[in-house]
Amino acid sequence: MDYARFDTTPALSQFRDEVRTFLDQILTPELMAEARARGDEHHPDFFRALGARGWLIPDAAPEIGGAGLSYEEIEILDTEMALRSAPVINVATTRTIFPSVRDFAQPEIRDRVIREVTRGETALTLGYTEPSGGSDIAHVKTRAVRQPDGDWILNGSKVFTTGAHHARYIFLLVNTNPQAKRRAGLTMFLLPVALAGVQISAIHTLGERTNVVYFGDVRVPDVFRLGEVDGGWAVLQGPLDAEHGVGGERTGHRAHLDIAAIYARRLALAFEASVDWARQTAVRRDDPLIAYRLGEALLRVESGMAADLLEGRVHAATQCIEGTSELLELVAPDGLVHDENTMASHVLHAHLGAQVSSIYGGTVEVFRNLVARQLGLPAPRYD
Ligand SMILES: Cc1cc2nc3c(=O)[nH]c(=O)nc-3n(C[C@H](O)[C@H](O)[C@H](O)COP(=O)(O)OP(=O)(O)OC[C@H]3O[C@@H](n4cnc5c(N)ncnc54)[C@H](O)[C@@H]3O)c2cc1C
């Protein structure tokens with residue numbers, strides 16, 4: 001299946017073949033085993049290979065290192081990568097942030113960073129969430145104080161900073177004006193991870209490795225500030241919208257990240273692996289219950305792929321979690337064995353990864369409230 005959300009022309013089919021050949025060459029069993037063993041869904045060789053091809057920021061113009069791909073071509077590329085379980089965490093975070101760097105970085109660093117990123121030499125990571133809470137993103141305690149020489153001194157911590165240990169920069173949300181009203185006192189930085197005082201430690205979650213990052217008296221040159229002082233919300237808006245699955249047409253982020261489709265593709269991976277399992281491994285291949293379960297899962301994939309906007313994100317996350325859970329039951333007990341070479345292990349991997357789809361980029365509970373607000377329903381009370 002191609003899971004396409006559009007009519008596939010001969011040119012697009014040819015592009016799909018090109019993508020498949022590329023992935024066959026780069027995603028060797030050794031590379032996949034290394035990426036899986038580290039548990040962080042990243043491999044520098046793969047990241048660089050995508051960059052060398054212009055496919056890391058695929059819709060960027062060739063003059064700045066992209067490939068100028070169309071929306072349909074990016075869909076094909078992303079679907080094929082998902083179906084191979086390619087290690088793409090830092091690809092996703094880098095793509096999410098790139099438009100804000102392009103639009104808001106200061107001229108002194110802008111062109112260099114753009115070149116490094118599009119070539120796959122530099123990964124970018126999202127630094128919003130803090131130990132005191134992530135849903136209320138504007139409640140930022142990490143503090144940057146301006147010095148007489150123009151530099152900033154930064155103190156605080158971020159948590160769940162996924163991919164920070166591979167990234168060169170953190171797209172960092174800090175408080176620069178505690179007296180101002182919430183969003184009005186926030187500033188964004190493209191913080192070099194190598195600065196003295198930045199310390200990264202691992203957090204191993206069920207599905208993936210992420211990080212906690214501490215900032216102790218980090219001296220940050222002002223050239224790494226993105227956008228205006230206290231104007232961070234304008235810089236953040238595009239990437240936030242992209243993670244929420246809204247506003248893409250306005251901000252130019254749509255082709256970079258379609259969050260519902262990401263979750264639906266994760267389920268598609270589990271579905272494909274389960275079909276292979278049923279064909280090759282199932283003891284009772286003719287059992288109608290197997291066909292029924294697979295049919296159910298495919299429906300979930302298709303409805304997730306068709307979903308859009310805030311409600312689509314909730315729907316796709318739910319389908320991904322429930323669908324991978326049902327498929328794991330189907331392939332049990334084979335799925336409970338951590339063996340890279342079994343189809344069932346792909347189902348387990350997708351199921352573990354699925355759990356965070358209801359959390360990152362905002363939890364489904366928060367999104368349900370946002371949908372309710374759009375419908376004109378009263379805000380919930382928690383007292
Ligand atoms: C694996 C993983 C990777 C992540 N990667 C990143 C990353 O790269 N960068 C980054 O900045 N963050 C990242 N996050 C953080 C993620 O965005 C937050 O976990 C998420 O936004 C929820 O914040 P929280 O964990 O602080 O929970 P809290 O905000 O403390 O919420 C706790 C509970 O209360 C509920 N809740 C809170 N507020 C409301 C509300 N208004 N209405 C209804 N229910 C509510 C939530 O649904 C949740 O169940 C990652 C998280 C995980 C688990």
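First listed ligand is number 1; within each ligand, the first listed atom is number 1. Just so it is clear, the model here is predicted, and its values are computed rather than measured. We're numbering straight along the sequence, starting at 1.
Residue-to-ligand polar distances keep G133 apart from ligand 1: every N/O pair is separated by 3.5 Å or more. Polar contact check, T161 against ligand 1: no nitrogen or oxygen pair lies under 3.5 Å apart. Between E365 and ligand 1, at least one N/O pair is under 3.5 Å apart. Geometrically, ligand 1 and N369 share a nitrogen or oxygen pair separated by less than 3.5 Å. Considering both main-chain and side-chain atoms, T210 never comes within under 3.5 Å of ligand 1 through any nitrogen or oxygen pair.
Contact annotation for atom 32 (C) of ligand 1: protein absent (non-hydrogen atoms, distance under 4.0 Å). Per-atom contact check: atom 39 (C) of ligand 1 touches the protein, criterion being a heavy-atom distance below 4.0 Å. Protein heavy atoms all stay at least 4.0 Å away from atom 35 (C) of ligand 1.
Salt-bridge formation is not detected for the pair E296/R300: no Lys NZ or Arg NE/NH1/NH2 atom is positioned less than 4.0 Å from an Asp or Glu carboxylate oxygen. Looking at D308 and R5, no side-chain N of the basic residue comes within less than 4.0 Å of a carboxylate O on the acidic one, giving no salt bridge. With respect to the salt-bridge test (charged N to carboxylate O, under 4.0 angstrom), the residues R182 and D136 qualify. Salt bridge annotation for E272-R265: absent, with no cationic side-chain nitrogen under 4.0 angstrom from a carboxylate oxygen.
For ligand 1, the atoms sitting less than 4.0 Å from at least one non-hydrogen atom of T162 are 3 (C), 4 (C), 5 (N), 6 (C), 7 (C), 8 (O), numbered in the order shown with element in parentheses. Residue V366 has at least one heavy-atom neighbour below 4.0 Å for each of these atoms of ligand 1: 38 (N), 39 (C), 40 (C), 45 (C). Close approach to L126 involves these atoms of ligand 1, each under 4.0 Å from a residue heavy atom: 7 (C), 8 (O), 9 (N), 10 (C), 11 (O). Interface atoms of ligand 1 facing S135, defined by a heavy-atom separation under 4.0 Å, are 22 (C), 23 (O), 28 (P), 29 (O), 31 (O), 37 (C), 38 (N). Remark: ligand 1 atoms within the under-4.0 Å shell around heavy atoms of G361 are 17 (O). Close approach of ligand 1 to V356 (heavy-atom distance below 4.0 Å) involves ligand atoms 1 (C), 53 (C). With ligand atoms numbered from 1 in the order given, ligand 1 contributes 22 (C), 46 (C), 47 (O) to contacts under 4.0 Å with heavy atoms of T363.
Nearest non-hydrogen protein atom to atom 43 (C) of ligand 1 is Y382 OH, 2.8 Å. Scanning the protein heavy atoms around atom 24 (P) of ligand 1, the nearest turns out to be G134 N, 3.6 Å. The protein heavy-atom contact nearest to atom 2 (C) of ligand 1 is Y360 CD2, 3.9 Å. F160 CB, 3.3 Å is the protein heavy atom nearest to atom 14 (N) of ligand 1. The protein non-hydrogen atom at the shortest distance from atom 19 (O) of ligand 1 is I359 CG2, 3.4 Å.
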Subject >> Full working for salt bridge (Lys or Arg N to Asp or Glu O under 4.0 Å) between E326 and R293 >> reply: CA-CA 8 Å; E326 286 179 8; R293 284 282 177 104; 5.1 Å; no
**OP:** Could you give me the CA-CA distance, side-chain angles and deciding distance for R16 and R20, then say whether side chain to side chain contact (heavy atoms under 4.5 Å, CB included) is met?
**Re:** CA-CA 6 Å; R16 177 174 291 115; R20 286 180 176 166; 3.3 Å; yes
Subject >> Residue pair E243, T96: steps toward the side-chain hydrogen bond (donor to acceptor under 3.5 Å, both in side chains) verdict >> reply: CA-CA 8 Å; E243 278 203 291; T96 308; 5.9 Å; no
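Aromatic ring orientation, F22 versus W55: perpendicular (interplanar angle above 60°, classes split at 30° and 60°). Relative orientation of the F189 and W152 rings is perpendicular, given thresholds of 30° and 60° on the angle between their planes.
Considering OG1 of T94 and CG of L124, their distance stands at 4.5 Å, rounded to 0.5 Å. Expressed to the nearest 0.5 Å, how far CD of Q237 lies from CZ of R183 amounts to 7.0 Å. The CG atom of D78 sits 15.5 Å away from the OH atom of Y3 when rounded to the nearest 0.5 Å. Between atom CD of residue E228 and atom OG1 of residue T176 there is a gap of 11.5 Å, rounded to the nearest 0.5 Å.
Between L370, T129, T93, N211, it is T129 that holds the heavy atom closest to atom 15 (C) of ligand 1.
Residue-level proximity to ligand 1 for K158 is absent, since no heavy atom of it falls below 4.0 angstrom.
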